[in-house]
Amino acid sequence: MSNLINAIRGMNDLLPSETALWQSVEQTLRDTLSTFGYQEIRLPILEKTEVFERAIGKATDIVEKEMYTFLDRNNESLTLRPEGTASCVRAGIEHGLFYNQVQRLWYMGPHFRYERPQKGRYRQFYQCGAEAVGLEGPDIDAELILLSAKILDKLGLTPYVTLQLNSLGSSVARLTYRELLVNYFIQNQNQLDEDSQRRLMTNPLRILDSKNPDMQKLIANAPTLIDHLDLESAEHFGKLQTYLTSAELPYKINPYLVRGLDYYSRTVFEWVTTELGAQGTVCAGGRYDGLVEQLGGKRTPALGFAMGLERILLMVQQVAKKSMINKPDVYFITEGEDALKLAFKLADTVRNGMPKLRVILHCGGGSLKNQFKKADKSGAEVVLILGEQELKEKKISLKLLRKSMPQVSILQDDLIKYLYAREEFRDIC
Ligand code: HAM
């Protein structure tokens, strides 16, 4: 037994009982990204360490203490990607994708950070990221945020997430603000915790992100960046808000949202939830207009976001237990051998006519009453009933299980037409 080798801490096996849900969520992501015109880019899991050091910033937690970095056999320093934006920009520059072009790209896969594992925080975690390169915004900022909202909506998570928004302004405005902030914290240095003392000179904006309860009063009284934006960034941010409001997407301005990576400028946003405890950010991103240049390309505006798939999956499991993943839409019950024989065909007609509906044909016999109970327990919206009477009349009965509506009997030939005419099904199809 002592010879057993376990997985590395914070790196999860995904077992067969879990993969169906993963596949379903991944498919929703791919489909939605595609409907917004985003194309997949597949990137290496390893990059030269310099890619991340230059992009994310040497004074960030990720680069300082969370990267899996090692020397290869050729003594070159390589790093397992801790995030996707740096790799995506590196690849775009290398292959000339950004040269006078607009790109809408997405990627999905494992990323690696040496963090303390806990619920929703792992050392290998999956991200799905989207990056829009070549547009100044703020229209693309709104469109990208609406894309993230659409994905969350398709996953049934809208009621459980809040959009937080901030602007970090231009790099020049941020420098001026940085000075102001450092002065403020120096004046109150005795109230800074150890972590913040350290950040004061390296990355003072990150102090605003501190979760230490003892620091909250100090942070609340600090000058905010949003009050010190340059004119252009303020206009950009104002317009973005107008677009989101007219698209009826609610948001909250969070002046303390600064993000943990150095490449951001102007718009930053996070989708947060209270459903997951401490690790409540399920999606995060923003604009990084300086990054392409920083990695050796021509100055190119860009922005993007990434979702943490474990957190998304946890939420889907936790708050959307009744989600479409496990429950059928239609449960088909029958009475007698002849009805069962015809039901195989009819169930398939429904599957072919409405390919996204999940149709379970009851197997294992039993009385209609018992089958009806099973239908109800399955969570299905609809039960289709093919009894002896229906069989004789070439009809099929249909009852909505979750809404009060009398049972209806329709011609078998009209079944698909009938389902299409009802809003409940049109939504799923
Ligand atoms: P990030 O905020 O570092 O941003 O990560 C994005 C999301 O990945 C987080 O909101 C979270 O859901 C998930 N995540 C991060 N670390 C972990 C972890 N250790 N365990 C589980 N989930 C985690 C970025 O990575 C940027 N590249 C996002 C971006 C794309 N900005 C512009 N384009």
Side-chain angles (χ1 to χ4, degrees), residues 8-12 14 25 29 33 38 41 43 47 51-52 55-57 60-63 65-68 80-90 92 103-133 137 140-141 144-145 147-148 151-152 155 157 161-164 166 168 206 209 257-273 275-292 295 301-316:
I8 300 168
R9 198 161 110 84
M11 305 209 178
N12 300 316
L14 292 176
V25 167
L29 289 161
L33 286 155
Y38 281 68
I41 182 164
L43 303 157
E47 295 277 353
V51 171
F52 303 115
I56 301 169
T60 57
D61 282 352
I62 296 180
V63 172
K65 46 187 188 195
E66 292 171 3
M67 294 204 306
Y68 281 90
L80 280 170
R81 61 182 185 194
E83 61 106 46
T85 311
S87 309
C88 187
V89 169
R90 193 268 310 137
Q103 294 287 354
R104 290 177 169 84
L105 306 167
W106 68 265
Y107 48 83
M108 189 150 37
H111 292 74
F112 304 84
R113 293 184 196 174
Y114 192 83
E115 292 192 83
R116 202 167 43 78
Q118 56 171 248
K119 182 182 166 192
R121 189 167 70 194
Y122 311 101
R123 291 183 173 171
Q124 172 174 320
F125 58 97
Y126 284 76
Q127 272 192 351
C128 175
E131 314 287 352
V133 186
I140 187 71
D141 301 40
L144 181 97
I145 291 172
L147 162 61
S148 62
I151 292 174
L152 294 168
L155 293 169
L157 301 180
V161 287
T162 312
L163 172 62
Q164 298 196 352
N166 194 18
L168 302 182
R206 288 289 284 166
D209 225 17
L257 181 64
V258 290
R259 309 275 302 120
L261 305 95
D262 276 358
Y263 51 61
Y264 291 110
S265 55
R266 293 200 171 161
T267 312
V268 287
F269 65 96
E270 288 189 355
W271 284 97
V272 294
T273 180
E275 304 283 334
L276 296 180
Q279 304 308 317
T281 308
V282 292
C283 172
R287 186 162 271 287
Y288 49 89
D289 291 339
L291 184 58
V292 178
L295 289 183
L303 76 164
F305 66 76
M307 288 186 173
L309 295 195
E310 284 81 1
R311 294 182 192 179
I312 295 277
L313 264 286
L314 276 171
M315 273 194 85
V316 169

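Numbering of ligands and ligand atoms starts at 1, following listing order. Just so it is clear, the model here is predicted, and its values are computed rather than measured. Along the sequence shown, residues are numbered consecutively beginning with 1.
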**Request:** Please examine the side chains of Leu313 and Tyr126, heavy atoms only from C-beta on, and report whether any two atoms are closer than 4.5 Å.
**Result:** no
**Residues in side-chain hydrogen bond (donor to acceptor under 3.5 Å, both in side chains) contact with Ser87, at least two apart in sequence or another chain** = Glu47
**Request:** Return the minimal non-hydrogen interatomic distance between Ala302 and Asp289, and the atom names on each side.
**Result:** N-OD1, 3.2 Å
**Item:** Validation row: Val282, Leu276 side chains within 4.5 angstrom (heavy atoms)
**Value:** yes
**Item:** Closest protein heavy atom to atom 1 (P) of ligand 1, given as residue, atom name and distance to 0.1 Å
**Value:** Arg259 NH2, 3.5 Å
**Request:** Give a yes/no on ligand 1: does Trp271 have at least one heavy atom closer than 4.0 angstrom to it?
**Result:** no
**Prompt:** Nearest protein heavy-atom contact for atom 20 (N) of ligand 1: which residue, which atom, what distance?
**Reply:** Tyr122 N, 3.0 Å
**Request:** Could you say whether the N/O atoms of Glu131 and ligand 1 ever approach to under 3.5 Å?
**Result:** yes
**Request:** Check each heavy atom of Val282 against ligand 1 and say whether those closer than 4.0 Å belong to the side chain, the backbone, both or neither.
**Result:** backbone
**Message:** Test your reading of the structure: does Gly308 have an N or O sitting under 3.5 Å from an N or O of ligand 1?
**Reply:** yes
**Asked** Is the shortest heavy-atom distance from the side chain of Thr267 to the side chain of Leu303 under 4.5 Å?
**Response** no
**Request:** Find out whether Phe125 and Arg311 are in side-chain contact, i.e. whether some heavy atom of one side chain is under 4.5 Å from a heavy atom of the other.
**Result:** no
**Prompt:** Should His111 be listed as contacting ligand 1, given a heavy-atom distance under 4.0 Å as the test?
**Reply:** no
**Message:** Is a donor from one side chain sitting under 3.5 angstrom from an acceptor on the other, for Tyr263 and Thr85?
**Reply:** yes
**Residue-ligand contact Gly120/ligand 1, heavy atom below 4.0 Å** = yes
**Message:** Using a 4.0 Å cutoff against the non-hydrogen atoms of Leu261, which atoms of ligand 1 qualify?
**Reply:** 3 (O), 4 (O)
**Request:** Using a strict cut-off of 4.0 Å, indicate which atoms of ligand 1 neighbour a heavy atom of Gln127.
**Result:** 5 (O), 6 (C), 7 (C), 8 (O), 24 (C), 25 (O)
**Message:** Could you tell me, atom by atom, which parts of ligand 1 come under 4.0 Å of a heavy atom of Thr85?
**Reply:** 26 (C), 27 (N), 29 (C), 30 (C), 31 (N), 32 (C), 33 (N)
**Prompt:** Rounded to the nearest 0.5 Å, how far apart are NE2 of His111 and CZ of Arg113?
**Reply:** 8.5 Å
**Prompt:** Heavy-atom distance to atom 27 (N) of ligand 1: which of Glu310, Glu66, Glu83 wins?
**Reply:** Glu83
**Item:** Closest approach of Ser148 to Phe305 (non-hydrogen atoms, all atoms of both residues)
**Value:** CB-CE2, 3.8 Å
**Asked** For atom 26 (C) of ligand 1, which protein heavy atom lies nearest, and how many Å away is it?
**Response** Tyr263 OH, 3.3 Å
**Item:** atom 3 (O) of ligand 1 - nearest protein heavy atom and its distance
**Value:** Arg113 NH2, 2.8 Å
**Request:** Inspect the contact between Glu270 and Arg259 and indicate whether a charged nitrogen and a carboxylate oxygen are less than 4.0 angstrom apart.
**Result:** yes
**Request:** For Tyr68, look at atom OH and say whether over 12 heavy atoms of other residues, nucleotides or ligands are found less than 6.0 Å away.
**Result:** yes
**Request:** Identify, for atom 23 (C) of ligand 1, the protein heavy atom at the shortest distance, and state residue, atom and that distance.
**Result:** Phe125 CD1, 3.4 Å
**Phe269, portion touching ligand 1 at heavy-atom distance under 4.0 Å** = neither
**Asked** Is Tyr126 near ligand 1, meaning one of its heavy atoms is under 4.0 Å from it?
**Response** no
**Fill in**
Correct closest heavy-atom pair for Leu33 and Ala130 would be CD2-CB, 3.9 Å
**Message:** Is it true that Gln127 and Glu83 share a donor-acceptor pair across their side chains at a distance under 3.5 Å?
**Reply:** no
**Item:** Nearest-option assignment for atom 28 (C) of ligand 1, heavy atoms, candidates Tyr264, Tyr288, Phe112
**Value:** Tyr264
**Request:** Using a 4.5 Å cut-off on heavy atoms from C-beta on, say whether the side chain of Ile62 contacts that of Met67.
**Result:** yes
**Prompt:** Which atoms of ligand 1 have any heavy atom of Ala284 under 4.0 Å away?
**Reply:** 2 (O), 10 (O), 28 (C), 29 (C)
**Item:** Contact atoms of ligand 1, heavy-atom distance to Phe305 under 4.0 Å
**Value:** 29 (C), 30 (C), 32 (C), 33 (N)
**Request:** Identify, for atom 12 (O) of ligand 1, the protein heavy atom at the shortest distance, and state residue, atom and that distance.
**Result:** Thr281 O, 2.9 Å
**Request:** Note the single closest protein heavy atom to atom 19 (N) of ligand 1, along with its residue, its atom name and the distance in Å.
**Result:** Glu115 OE2, 2.7 Å
**Request:** Using a 4.0 Å heavy-atom threshold (strictly under), name the region of Arg311 that reaches ligand 1: side chain, backbone, both or neither.
**Result:** side chain
**Prompt:** Hey, which atoms in ligand 1 end up nearer than 4.0 Å to a heavy atom of Gly285?
**Reply:** 31 (N)
**Request:** Give a yes/no on ligand 1: does Ile312 have at least one heavy atom closer than 4.0 angstrom to it?
**Result:** no
**Asked** Is any side-chain heavy atom of Leu152 less than 4.5 Å from a side-chain heavy atom of Met307?
**Response** yes
